[in-house]
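Per chain, numbering begins at 1; letters A, B, ... match sequence-line order.
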Amino acid sequence: MLKNLTIEGTAKLLKDKKISAFEIANSYIKEIKESKKLNCFITISEEVAFDAAKKTDARISENKKIGLLDGVPLAYKDLFCTNNILTTASSKILSNFTPTYESTVTANCKSQGAVVLGKLNCDEFAMGSTNKTSFYGPVINPWKSSDKDDELVPGGSSGGSAAAVAADLCVASLGTDTGGSIRQPASFTGLVGLKPTYGRVSRWGTVAFASSLDQAGPISKTVEDAAILLEAISGHDNKDSTSSLKANEQFYANLNSSVKGLKIGVPKEYMSDDLPEEIQNFWNDGKKILAKNGAEIVEISLPSTSTALPAYYIIAPAEASSNLSRYDGVKYGLRVQEKNLIDMYESTRSEGFGNEVKRRIMIGTYVLSSGYYDAYYIKAQKIRSIIKNDFDSAFKNVDAIFTPATPNTAFPINREEVDPVQNYLNDIFTVPANLAGLPAISIPFGLDNSGLPIGMQLITNSFEEQMLLNIAKNLQDTLNFNVQPTQWWK
Amino acid sequence: MNNNWQTVIGIEIHAQVNSKSKLFSSSSTEFGSAPNTQVSLVDAAMPGMLPVINKFCIEQAIKSGLGLNATINNKSIFDRKNYFYQDLPQGYQISQFKDPIVGEGTVEIDIDGKKKIIGIERLHLEQDAGKSLHDQDPNMTFVDLNRSGIALMEIVSKPDMASPEEAIAYVRKVRTILRYLDTCDGNMEQGSLRADVNISVRKEGDELGTRCEIKNLNSFKHIGLAINFEVDRQIKLIENGDKVNQETRLYDVSTDKTRSMRSKEDAHDYRYFPDPDLLPLNLNQNWIDEIKKTLPELPDTKKIRFINDYKISEYDADVLTQDKSISEYFEDVATNRSTKLSVSWVASELFAVLNKLNLTIDKSPINSKQLGSLIDEIENGTISNRAAKEVFEEMVTSEKSVKDIINDKGLVQISDTTEIEKFINQVLIDNPDNVQKYKDGKTKLLGFFIGEVMKVTKGKANPGLLNQLVKKKLDN
Amino acid sequence: MEFDKNSTLKLAKLARLSLNDEQLDSLEKDLTSIVSFIDQLKEINTEKIDPTSNSLNQDLILRDDIAENKLSNEDLLRNVPDSELGFFVVPKVIE
Ligand SMILES: [Mg+2]
Ligand SMILES: [Zn+2]
C-alpha cells in the first residue's frame, strides 16, 4: 500500500514517472475496500476514478504539462453534489439521490485532473460533531487510545473526510465547516483542516446546512496540501450570490513560513480551568515556538466569546430548518406514500430525517416562529455583529489569533449522551470564526498521554488565508509532527 | 340592505415582471410551454442550488415604483416566507417582508368624474409559485413548475376603496400604469396580473371589521362579482348575529360565490427571515435617477395634455389614454389633422371594429398611418364621410391603400361646381312643383333637393358645395 | 421555556414532522435543554446593535436577463418519486 502520501508527494511520483496514476488509484481503491470497518465511504466511485487516472496517465505519456492535482486521489464529503454519483448528505431522505450536476468545488478539482475515489460519510446534513448522526452509521476514528480499546469518534461533521485521510484511504479530502466541522475532526485525527473566509469558496452544488456559515475546505496531511487544495477550489462563482468577487490567489506558490515581526494574539477568554492540561500545554508550546521564531505573542480579549455558541445554536438551526424544507418527497429523494399531501410530507420527513436533524429543525422552527423571532433570531444576529466587532478590533492590533482547536480529544463512540447540549460544546473554539466569516485552520500539534492527536487553531482576518497558511507552516515545520495511527482495522 | 353599511377594500396586485428570465434563475418565462420544460435546477430546489437575482427585474420594480409616485428604498432585503405546498419547491418563497424595494405611493382613480386618491402601501419583488392541475387524475394532483420562480411585483394598496367600482377602477388604473411603463404586460387571462382582494364591512363610524381575503381574481368582472357576493355574505352574517372569520377564500367562477379555502385551514406562521443566500440590495441613487429619466409620460399627465392640446372632452381623453398603445395610435392619427375627425374615427369607428374582432389596438387591422390617410382624403374633399365609411370597411379586410380603394370603388367626390350645377339644374327641371313650394316659403324642401342630387350622383357630390349651390340656385 | 406535548406538537406540525409519543417525550426534554442553553443570551444587552445576517461585506451580485432552458424535462425528473406526462405527481390536493 501507499503510505502517508501527500498531494505534493503524489505529484512528484507522477512527474518522475515512478508510478502511474492508475496504479495509485488502484492501490487506494483496494485499501478502501479492505478498510470498510472504519465506515469512511458511503460510495466508492471506482470506475470514475480509474477513468480519470487513465486520462492523467495519457497526459503524462504525451508529455503534457500536468498540474499538482492531476492524478491525485481525493475523496469528498457526501455533501458535495457529484454528477451521476450518488449524493446522500448521509441522510435517508437523499439515500436514492443521484445529481445531474456537479458542485463548483468538485468540478474545479475534476477540471484539474483530480481522481475522485468516492463520497465520504459525515453527520447527517453536516449536523453533528461525532459523525454518529449519519444514516450510514458512525465513522470510526483510525486512532485509538493507547490505554483503552474503545472505538473513538473521528469528530464531525466531516468525520469521514478526516478518518479517510488519516487512514490513507485518500491523499486528501474535502469537507465543509459550518461550526467547526473541518477543524474539529482534523484535530481528532492529527490532520490539517482549513475553513476558508466565508465567500472564498462557492457553495453552489453543496448541500446546504446553514447558508450564512457553510464553507467548504480541505483536510490534508500538510499545510502545503491545504494550500494546493484551497487554491484549487476557491474563486468567484457567479452562481453563488455570496461568492466573493476577490481574485483568487496562488496560496501554494506564495507559501512563506516566516513569522518574524508578526503579532499573534492569544485570547484570554479561551483559557479556562476546564481545558485539559495537555491541551493547555500544547497551546503554551505553540506560543513559545512562535515567539522563538520571531513573532510577538500578545494577550488579547474577545469579550463576546461565550455568546458565540448559543448564538450559533440559534442561527444554524434557523437557517437549516428552512434549507431542509425542500426535502418533502415531491421532486427527488425519499417519499413515503400517503393518501393526502400533508400526511405524505410528514411521513416522508419523519422517516427520512434522523433525530439530530429533527431536533435542529424543531429548534430552528421555534426561534423563527412568531413571538420568538426577535427574542432569539434577531438577538443572535445582533450577537453576531458584536462577535464580528470583537474580531475587527482584535485584528487592528494582531495579525492572527492562536487558540486550541477543540476542548477535548477524540472520545468513545459509545459514550452515553444525556443531553444534546453536551455535544454542542465540542464546537466552542471553532464557532466564533464561522459567525464572523473568518478563515481558520487546525494544525496537528502532537499526541496526548493516551496517544490521541491534539490540534491547535489559527484565525486571521477575512481573506488573509495566505498569512494563515504561512503561520501554520511555520508551526508545522518546527513541530515536525509525523505520526500515523497503527492499522488495527484491517 | 346595504343601508348605512360601509365596505372597506384593500387590494394586493400580483403583477408579473415582463422579463425574459425568472427572478432568481435563467429559465425562460415564455407562456404556454410544455409542462416542466422551463424549470432549472434552482427552480426545482435541487440540493445545493442558489438564487442569483435578475437585474432587469429590479429595474422594472424601481420603474413601477416611480410610476406609482412611490418612494424607492435605497436598501431592501429578500426574505424567506416558509410554508409547505406542492407548488413551492423550496418550501419557502423568496419575497420581501420588512424592507421592500418600494415604499408608499399613490394612484388616482376616477369614479363618475370624481377623483379619488388610493394609497399604495408598498411594492415588493417575489417569486411566483408553480401550477397545480387537480382534474387530471381522481387521486392525484399534477404539478407544473414552469411558473415557479417567475418575478412578481406585489403591489399592496391601503384599505382605501369603498365599492366594487372603486376596486375595479383601481386595478384598471394600476394595470394601465404598468403597461405604460412597460413593466408588466397586464394580461389577466394568462395570469400576468392577479388581484387578492381584502374585504370587510362595518357600520358607519365603527371600527374596521374582520376581513376576508379573496385570492387570485383574474378579471375585472370577477373582482366586481366577488366583492358583491362577499359584502352581502358578511353583512348577512353580522345581521344574523354571527361573526365574520378572518380567512382566505376562493372565488368560484361557476357559481359566482366565494368559499373558504380548505387547504389553508392551518393557522400559518410563515417564519419570515432574511434569505442567507442573498445579500441586502443596496440601490445606488444614481441608478434610480437614471431610471427616472427613462420614465414615459404617464396616463394622468397625458390625459391633461390631451384635453389641453386637442381641446377634447375629459371623457374622450380618458378613453384615449386608458392604454398607452391607444394613446400613441391616436396621437399618430391626430397630428396635423382634424381633432374632431381623429377622435371620432379612433374612438368610435376603430374601437367598434376592434371590439367586434376582439383585438387589441396593437393587432389592429388598420394601422395609424392608414387611418390617417383616410382622414386626409376626407379633409381634402376627395371623399365624403359616407364614402369614407365604405372605404374603412374595406380597409379592415383589405391590404389595398386608401387611394386604391377609393379609385376602385369610384368614390371620388364631385367637387367641380359646373358639374354639380348640371345635376342641380336637372333636378330642378324634374321637380317644378317642389321648386314652386320652396319659393312659396317651404324652405324645408332644401333637403329634398340635396337628397335628389345625391341620388343621381350616387352620393359623390361634395355635400358642402352641393348645399351651397342648391341654396344659391333656389334663392335666385 | 419548558416544552410540553402541545407546544412540541405545534412546532412539529409547522415543520411537517409527525412524531410518536416516545419521540415527543425525548424531544420535549431536548428542546427544553437547548432553549435553556440559548436563553443565556437574554442577559446580553444588544439594544443599539444592528443584526448581521451574512458576514460577507459585498454588494448583491446582479444577473443579466438572459433566458436559457438548460435542463430537460427528463433530467428534471431523473430522481422524482412519482411523475406522469412530464408532471410531478402528488396525492390529491383539495383547495
Ligand atoms: Mg399576499
Ligand atoms: Zn405575494
Side-chain angles (χ1 to χ4, degrees), chain A residues 96-98 100 198-199 212 238 241-245 307 310-311 313-314 321 328-335 337-347 349-350 353 355 358-359 361-363 365-367 369 375-376 378-386 388 419-421 424 435-437, chain C residues 1 3 7-8 10-20 23 26-27 29-31 33-44 46-63 71-72 74-83 88-94:
Chain A
N96 56 1
F97 178 66
T98 303
T100 59
Y198 183 86
S212 76
N238 59 18
S241 300
T242 62
S243 165
S244 166
L245 291 161
T307 62
Y313 276 97
I314 292 170
S321 70
D328 59 6
V330 177
K331 298 132 318 199
Y332 47 78
L334 178 80
R335 170 187 292 196
Q337 197 63 51
E338 295 278 1
K339 286 219 168 57
N340 80 58
L341 182 72
I342 292 175
D343 288 347
M344 186 201 90
Y345 284 154
E346 291 184 347
S347 298
R349 290 166 59 80
S350 299
F353 292 136
N355 285 337
K358 281 182 198 152
R359 256 196 294 273
I361 289 175
M362 292 283 280
I363 281 293
T365 305
Y366 173 69
V367 298
S369 63
Y376 291 109
I378 293 293
K379 184 93 184 180
Q381 300 289 35
K382 289 179 171 182
I383 299 283
R384 188 177 191 171
S385 305
I386 298 176
K388 201 163 184 291
D419 185 340
V421 173
Y424 296 174
L435 288 172
Chain C
M1 165 96 191
F3 281 83
S7 48
T8 311
K10 210 184 121 197
L11 276 182
K13 192 89 205 154
L14 266 180
R16 292 285 184 250
L17 295 168
S18 63
L19 305 166
N20 60 34
Q23 288 172 313
S26 88
L27 263 172
K29 255 185 267 146
D30 291 348
L31 296 186
S33 145
I34 296 167
V35 167
S36 81
F37 175 65
I38 60 181
D39 266 342
Q40 56 179 292
L41 294 184
K42 291 199 163 145
E43 287 151 36
I44 315 284
T46 51
E47 221 173 293
K48 284 179 188 139
I49 314 281
D50 286 330
T52 298
S53 61
N54 197 304
S55 59
L56 186 65
N57 191 9
Q58 188 173 284
D59 275 343
L60 182 60
I61 292 161
L62 314 178
R63 191 189 91 236
L71 188 63
S72 67
E74 192 195 352
D75 274 350
L76 173 69
L77 301 174
R78 180 75 54 94
N79 288 284
V80 77
D82 192 4
S83 77
F88 296 92
V89 171
V90 298
K92 187 88 167 177
V93 177
I94 301 152

Provide the closest heavy-atom pair for [X] versus [Y] in the form atom of the first, atom of the second, distance.
X	Y	result
A/L341	C/P91	N-CB, 3.8 Å
C/P81	A/G329	CG-O, 3.4 Å
A/E346	C/L17	CG-N, 4.1 Å
C/S55	A/Y198	OG-CB, 3.8 Å
A/R335	C/V89	NH2-O, 2.7 Å
C/L41	A/K379	O-CE, 3.0 Å

Identify which part of [X] has an atom lying under 4.5 Å from any heavy atom of chain C, answering side chain, backbone, both or neither.
X	value
A/E338	backbone
A/L245	both
A/M362	both
A/N96	backbone
A/T100	side chain
A/S244	both
A/K388	side chain

Is it the side chain or the backbone of [X] that comes within 4.5 Å of chain A heavy atoms, both, or neither?
X	answer
C/E43	neither
C/D50	backbone
C/E47	backbone
C/L60	side chain
C/L27	side chain
C/F88	side chain
C/K42	both
C/S83	neither

* Asked: Of all of C/D30, C/N20, C/D39, which one pairs up most often with chain A through heavy atoms under 4.5 Å apart?
  -> C/D30

* **Close side-chain approach of A/K358 and C/Q23, heavy atoms under 4.5 Å** => yes

Pick from [options] with the largest number of heavy-atom pairs that fall under 4.5 Å of chain C:
options	answer
A/I314, A/N238, A/I361, A/N355	A/I314
A/G199, A/S350, A/S241, A/S347	A/S350
A/Y376, A/Y366, A/Y313	A/Y366
A/S385, A/S321, A/G437, A/S243	A/S385

Give, for atom [atom1] of [X] and atom [atom2] of [Y], the distance between the pair rounded to the nearest 0.5 Å.
X	Y	atom1	atom2	answer
C/I61	A/T242	CD1	OG1	8.0 Å
C/I49	A/Q381	CD1	CD	13.5 Å
A/I383	C/I38	CD1	CD1	11.5 Å
A/I363	C/I34	CD1	CD1	4.5 Å
A/R384	C/N54	CZ	CG	6.5 Å

* Asked: For atom CG of C/N57, is the number of surrounding heavy atoms from other residues, nucleotides or ligands below 6.0 Å larger than 12?
  -> no

* Is a side-chain N or O of C/S33 found less than 3.5 angstrom from the main chain of A/D419, in a donor-acceptor match? -> no

* **Step-by-step side chain to side chain contact (heavy atoms under 4.5 Å, CB included) determination, A/I342 to C/R16** => CA-CA 8 Å; A/I342 292 175; C/R16 292 285 184 250; 3.8 Å; yes

* Take A/T307 and C/Q40 through the side chain to side chain contact (heavy atoms under 4.5 Å, CB included) test and state the conclusion after the steps. => CA-CA 8 Å; A/T307 62; C/Q40 56 179 292; over 6 Å; no

